[in-house]
Amino acid sequence: MKTKIRIALQKKGRLNEDSMKLFKEAGIKFNVGSGKLVASSPGFPIEVLFLRDDDIPQTVADGVADIGVVGENEMYEKGYEVDIARKLGFGKCRLSLAVPKAQDYPGIEWFNGKKVATSYPNILKKYFDENGVEADIHEIAGSVEIAPGIGLADAIFDIVSSGSTLVANRLREVDVAMYSEAVLIAKKGLEPEKQELLEELIFRINAVQTANSNKYVLLNAPNDKVEEIVKILPGMKSPTVLPLADKNWSSIHSVISEDEFWDVIGKLKANGAEGILIIPIEKMIL
Ligand code: PRT
Ligand code: ZN
């Protein structure tokens with residue numbers, strides 16, 4: 001039988017939608033029926049297991065799944081030996097210490113002797129050790145942010161993204177211990193056939209993510225402006241320049257990354273570009 005690679009994805013929650021979208025764009029659509037825990041994909045030898053995110057690091061470390069998608073926070077907290085095959089750029093957040101809003105906070109030494117509620121005791125213990133802090137770490141499974149308000153702890157250590165949960169609970173972020181995003185993890189020492197499938201997956205993910213962060217640009221320019229405009233455009237190699245029916249004008253095509261997009265468009269207009277068209281790129285292979 002042909003080798004299949006088995007991937008563990010979050011069944012539901014913050015990483016599920018982005019994971020499914022990424023694999024769909026990479027040409028892998030899972031046949032998920034209602035409540036199914038295992039599914040396969042037509043056209044790629046892959047099988048998916050839908051799990052709680054807490055169980056993904058161990059499932060991959062033990063080889064029950066070969067690869068998985070999980071937050072770095074969860075991966076480091078659980079401490080299993082797995083490889084990070086690729087950072088995925090979604091599910092971004094940070095793990096921070098927060099204190100009651102009105103609390104004076106001189107610096108991290110304030111935490112000495114304090115009771116801190118968290119769902120990430122291992123990461124917090126390591127962070128306090130590195131900073132020479134001795135505190136009472138109180139592990140709770142959920143609703144960490146209400147702990148100070150009900151007198152269960154002096155402070156919290158939790159995931160922060162926009163910060164609005166902290167504000168709603170009258171807490172103030174005072175220190176960031178780590179930044180996290182979703183990562184594709186892999187079992188250490190994957191069999192060669194599975195390693196090959198993983199590499200094909202990474203190749204496709206690269207093509208999708210590079211395409212999503214770039215735009216295809218077409219514009220018209222008078223011939224005497226072409227040289228200036230070509231200097232502004234970065235392009236994969238160099239821009240394509242084509243003659244138009246009006247022989248005094250040319251059409252220029254190029255690729256611009258999202259980071260420099262607005263800056264480049266402004267310069268193009270200032271240098272006489274007209275009829276600028278911006279087109280999304282479906283896949284991009286460098
Ligand atoms: O059921 P299961 O165990 O699978 O899911 P879960 O409830 O444990 O996790 P889930 O789906 O909430 O989060 C999965 C992963 O998403 C986390 O492990 C992080 O890697 C990542 N992530 C990104 C977040 C957030 N952003 C986030 N904002 N996880 C949780 N939050 C919570 C946080 O706990 C806090 O309650 O959102 C609140 C803070 O958000 P802001 O925007 O108010 O600051
Ligand atoms: Zn969880």
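Atoms within a ligand are numbered from 1 in the order they appear, just like the ligands themselves. Predicted model only: the values in this text are computed from it and were never measured.
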Could you tell me whether the side chain of [X] and the main chain of [Y] form a donor-acceptor pair under 3.5 Å?
{"X": "N73", "Y": "L95", "answer": "no"}
{"X": "E181", "Y": "G89", "answer": "yes"}
{"X": "R6", "Y": "V64", "answer": "yes"}
{"X": "N112", "Y": "E134", "answer": "yes"}
{"X": "N16", "Y": "K11", "answer": "yes"}
{"X": "D18", "Y": "F90", "answer": "no"}
{"X": "R172", "Y": "Q103", "answer": "yes"}

Taking [X] first and then [Y], would you say they form a salt bridge - that is, a charged N and a carboxylate O separated by under 4.0 Å?
{"X": "E193", "Y": "K2", "value": "no"}
{"X": "E228", "Y": "K231", "value": "yes"}
{"X": "K283", "Y": "E25", "value": "no"}
{"X": "D66", "Y": "K194", "value": "yes"}

Using a 4.0 Å cut-off to any heavy atom of [X], which atoms of ligand 1 qualify?
{"X": "D54", "value": "3 (O), 8 (O)"}
{"X": "G163", "value": "41 (P), 42 (O), 44 (O)"}
{"X": "G71", "value": "20 (O)"}

At a non-hydrogen distance cut-off of under 4.0 Å, which region of D53 contacts ligand 1 (side chain, backbone, both, or neither)?
->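 The answer is both, backbone and side chain.
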Proximity of L15 to ligand 1 by residue part, where a heavy atom lies under 4.0 Å =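 The part of L15 near ligand 1 is the side chain, not the backbone.
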Looking only at protein heavy atoms, which one is nearest to [atom], and what is the separation?
{"atom": "atom 21 (C) of ligand 1", "result": "G91 O, 3.9 Å"}
{"atom": "atom 38 (C) of ligand 1", "result": "T165 OG1, 3.5 Å"}
{"atom": "atom 42 (O) of ligand 1", "result": "S162 OG, 2.6 Å"}
{"atom": "atom 17 (C) of ligand 1", "result": "N73 ND2, 3.7 Å"}
{"atom": "atom 32 (C) of ligand 1", "result": "R14 NH2, 3.3 Å"}
{"atom": "atom 1 (O) of ligand 1", "result": "R52 NE, 3.5 Å"}
{"atom": "atom 5 (O) of ligand 1", "result": "Q10 NE2, 3.0 Å"}
{"atom": "atom 35 (C) of ligand 1", "result": "I159 O, 3.7 Å"}

Protein non-hydrogen atom found under 4.0 Å from atom 7 (O) of ligand 1 |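 Protein heavy atom within 4.0 Å of atom 7 (O) of ligand 1: absent.
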Out of G13, C93, S180, A141, indicate the one that has the non-hydrogen atom closest to atom 26 (N) of ligand 1.
->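 Nearest heavy atom to atom 26 (N) of ligand 1 lies in C93.
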Considering the options V69, N212, L88, which one meets the side-chain contact (heavy atoms from CB on, under 4.5 Å) requirement together with L22?
->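 The passing option is L88.
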Apply ring pair (Phe, Tyr, Trp, His ring centres under 6.0 Å) to F128 and list each qualifying residue two or more places apart in sequence or on a separate chain.
->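 Partners of F128 under the ring pair (Phe, Tyr, Trp, His ring centres under 6.0 Å) test: F111.
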Polar protein atoms (N, O or S) that approach the Zn ion (ligand 2) to under 2.8 Å |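 Under 2.8 Å from the Zn ion (ligand 2) - ignoring waters, which are not counted - the protein N, O or S atoms are D53 OD1, D54 OD1.
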